[in-house]
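Only heavy atoms go into these numbers, but all of them, side chains included; no hydrogens, no water, no symmetry mates.
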Amino acid sequence: MNQTTSQTTNIHRSKRMMLWIAMISMSMTFAGLTSAYVVSSNRPDWLSQLVMPRAFTISTIILVLSGVTFWYAKKLIKANQNIQSQWALLITFFLALAFIYFQFQGFGQIIHQGYYFTGPESSITSSFIYILVLLHLIHLVAGIIVVSVVMFNNFKGKYHKKNLIGVELATNFWHFLDGLWLYLYLFILLVG
């Protein structure tokens, strides 16, 4: 192995490690918040009648579909099918935007039930749900930026069999976000 190959391997290893550290940090944040949610659910002012918005269910299905299209895009990029992979990435991008749209529709449905983030109509329950969902949305916006970068690099033809690190890191992050949302959705549905 020559020095350039060794350097490239070390850089790729470092990038993977940085992504893992970031995902573990995000997991710890959400684990702390969901633990606080469980502890707070014993409060006398905890709401048990808050209904999970239907829009959150729709957004969950959309996000799972986006994970499938991103996986398929990666498969197409590995096969050097740039036009098809670009379409799969574009679909992933628009599914992510649809996810965000339905998340805000879910907020509207919570407000329609009479629960707000702050103020006299707020509760600890609704505030927790807003925080969990908004924090995930912030991470998803980072994911959309990642998808955009992958689309741009794919359009420029930067990916090939010997250079897939960007696609691999992006899909790992995207699938992490998918799994994180599934966890939050099921957690709120079952524990709330």
**Asked** A73 and A88: which non-hydrogen atoms are nearest, and at how many Å?
**Response** CB-CB, 3.6 Å
**Message:** Show the nearest heavy-atom pair for residues A96 and I144, with the distance to one decimal.
**Reply:** CB-CG1, 3.6 Å
**Request:** Run through T92, L95, D178, I91 and flag the one making a side-chain contact (heavy atoms from CB on, under 4.5 Å) with L65.
**Result:** L95
**Request:** Determine whether the aromatic ring centres of Y183 and H136 lie less than 6.0 Å apart.
**Result:** no
**Item:** CG on L184 to CG on L189, rounded to 0.5 Å
**Value:** 12.0 Å
**Approximate separation, where rounding is to 0.5 Å, of S59 OG and L137 CG** = 8.5 Å
**Message:** With a 4.5 Å cut-off on side-chain heavy-atom distances among I, L, V, M, F, W and Y, is there a chain of contacts connecting M151 to V68?
**Reply:** no
**Message:** If you count heavy atoms of other groups shown closer than 6.0 angstrom to CZ of R16, is the number above 12?
**Reply:** yes
**Prompt:** Of F30, W181, F176, F173, which meets ring pair (Phe, Tyr, Trp, His ring centres under 6.0 Å) against H139?
**Reply:** F30
**Prompt:** Only one of Q103, Q105, Q109 forms a side-chain contact (heavy atoms from CB on, under 4.5 Å) with F56, so which one is it?
**Reply:** Q103
**Request:** Output, in order, the C-alpha distance, side-chain angles, deciding distance and verdict of side chain to side chain contact (heavy atoms under 4.5 Å, CB included) for H175 and W71.
**Result:** CA-CA 9 Å; H175 294 313; W71 168 82; 4.0 Å; yes
**Item:** Whether N82 side chain and F155 backbone form a donor-acceptor pair below 3.5 Å
**Value:** no
**Asked** Between CG of L76 and CD of Q81, what distance do you get to the nearest 0.5 Å?
**Response** 5.0 Å
**Complete:** For N80 and H160, the nearest pair of non-hydrogen atoms, with its separation, is OD1-CA, 4.2 Å
**Asked** Looking at residues at least two apart in the chain, or sitting in another chain, which of them share a salt bridge (Lys or Arg N to Asp or Glu O under 4.0 Å) with R13?
**Response** none
**Message:** Between S66 and W174, is there a side-chain donor-acceptor contact under 3.5 Å, judged purely by atom types and distance?
**Reply:** yes
**Message:** Under a plain distance cut-off of 3.5 Å, with no hydrogens placed, do Y185 and T57 share a side-chain donor-acceptor pair?
**Reply:** yes
**Closest contact, heavy atoms only, I62 versus F102** = CD1-CD1, 3.5 Å
**Request:** Applying side chain to side chain contact (heavy atoms under 4.5 Å, CB included), run through Q86 and L89 and close with a yes or a no.
**Result:** CA-CA 5 Å; Q86 199 67 9; L89 289 168; 4.1 Å; yes
**Request:** Kindly indicate, with the supporting measurements, whether the criterion side chain to side chain contact (heavy atoms under 4.5 Å, CB included) is fulfilled by T29 and S25.
**Result:** CA-CA 6 Å; T29 300; S25 298; 5.5 Å; no
**Fill in**
Rounded to the nearest 0.5 angstrom, the NE2-CD1 distance for H12 and I165 is 5.0 Å
**Message:** Determine whether the aromatic ring centres of residues F107 and Y130 are separated by less than 6.0 angstrom.
**Reply:** yes
**Request:** Please confirm whether the backbone N or O of E168 pairs with a side-chain atom of T171, one donor and one acceptor, at under 3.5 Å?
**Result:** yes
**Request:** Looking only at non-hydrogen atoms, find the nearest pair between L177 and G143 and report the distance.
**Result:** CD1-CA, 4.0 Å
**Message:** Working to the nearest 0.5 angstrom, can you tell me the gap between T34 OG1 and Y37 OH?
**Reply:** 10.5 Å
**Request:** Any chance you could measure W87, atom CH2, to Q84, atom CD, to the nearest 0.5 Å?
**Result:** 11.0 Å
**Prompt:** Do you reckon F99 sits in the same ILVMFWY cluster as L182, going by side-chain contacts under 4.5 Å, direct or chained?
**Reply:** no
**Message:** Please tell me whether M28 and V39 are part of a single hydrophobic cluster in this structure, the criterion being side-chain heavy atoms less than 4.5 Å apart.
**Reply:** no
**Message:** Ignoring hydrogens, what is the shortest heavy-atom contact between G106 and A55? Give both atom names and the distance.
**Reply:** N-CB, 3.4 Å
